[in-house]
Amino acid sequence: VKFISLMMESEDLGEFGHKLFVRILEFTSNEGDFYTILKRCKKMGLQYTDENFPASPSSLIKDWNDPEVEDKVDKWEKFVWRRAGEFMDPSKLAIFKEKIEPNDIKQGCLGDCYFLSVLSVLAEKPYLIENLFV
């Protein structure tokens, strides 16, 4: 909490989130910096795929034999990874269609309530959520 309040004094949280995303991508990617990756994807007409977070079950759980997750394995093994354009009309895709509200956040069965609670807090100030997206 001290970190966030100190950071909020010096910089907008949305801008901070964007910078943090860019830095994490640059730190974890072997493909170059954020802007180089973005430019390459646009030039080649490709969608970005994070090599460190592939669309596979290993991104959800590293050890599928871990007793702490055994109750989730049956559900999680059935998940199908798809991009929004694969099941929605691409011309109607939008990250935000109407106003952003904390009640927009819905938890599924992934057990990521810590992340969703942060999004819900950020949604109190919609521009903070909007600034997280490129």
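These numbers come from the heavy atoms of this one structure, side chains and all, not from hydrogens, waters or symmetry mates. These figures come from a predicted structure and were not determined experimentally.
With hydrophobic clusters built from ILVMFWY side chains whose heavy atoms lie under 4.5 angstrom apart, Val73 does not share a cluster with Val80. A continuous path of Ile, Leu, Val, Met, Phe, Trp and Tyr side chains, each step under 4.5 Å between heavy atoms, connects Tyr127 with Leu122, placing both in one hydrophobic cluster. With hydrophobic clusters built from ILVMFWY side chains whose heavy atoms lie under 4.5 angstrom apart, Tyr114 shares a cluster with Leu119. At a threshold of 4.5 Å between side-chain heavy atoms, the hydrophobic network of Ile, Leu, Val, Met, Phe, Trp and Tyr places Val118 and Leu128 in one connected group.
For the atom pair CD1 (Ile105) and CD1 (Ile100), the distance works out to 9.0 Å, reported to the nearest 0.5 Å.
A 6.0 Å sphere centred on CZ of Phe79 holds more than 12 heavy atoms belonging to other residues, nucleotides or ligands. Within a 6.0 Å radius of CD in Glu68, other residues, nucleotides and ligands contribute 12 heavy atoms or fewer.
Counting only residues at least two apart or in different chains, ring pair (Phe, Tyr, Trp, His ring centres under 6.0 Å) contacts with residues 49-68 comprise Phe53-Trp81.
Contact record, Tyr48 with Arg83: O-NH2, 3.0 Å, taken as the closest heavy-atom pair. The two atoms that bring Gly85 and Pro90 nearest to each other are O-CG, 4.1 Å, heavy atoms only. Contact between Gln107 and Cys113 at its shortest, heavy atoms only, is OE1-CB, 3.3 Å.
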Full working for side chain to side chain contact (heavy atoms under 4.5 Å, CB included) between Arg40 and Met44:
CA-CA 6 Å; Arg40 184 172 48 239; Met44 298 175 73; 3.7 Å; yes
Between Lys72 and Asp66, does a side chain to side chain contact (heavy atoms under 4.5 Å, CB included) hold up when you go through it step by step?
CA-CA 10 Å; Lys72 296 175 174 66; Asp66 184 342; over 6 Å; no
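For Glu101, the side-chain hydrogen bond (donor to acceptor under 3.5 Å, both in side chains) partners at least two apart in sequence or on another chain are Lys99. Evaluation of the side-chain hydrogen bond (donor to acceptor under 3.5 Å, both in side chains) rule for Ser58 yields Ser56 as partners, not counting sequence neighbours.
Checked by atom type and distance alone, the side chain of Ser120 never pairs as donor or acceptor with a backbone atom of Leu116 at under 3.5 Å.
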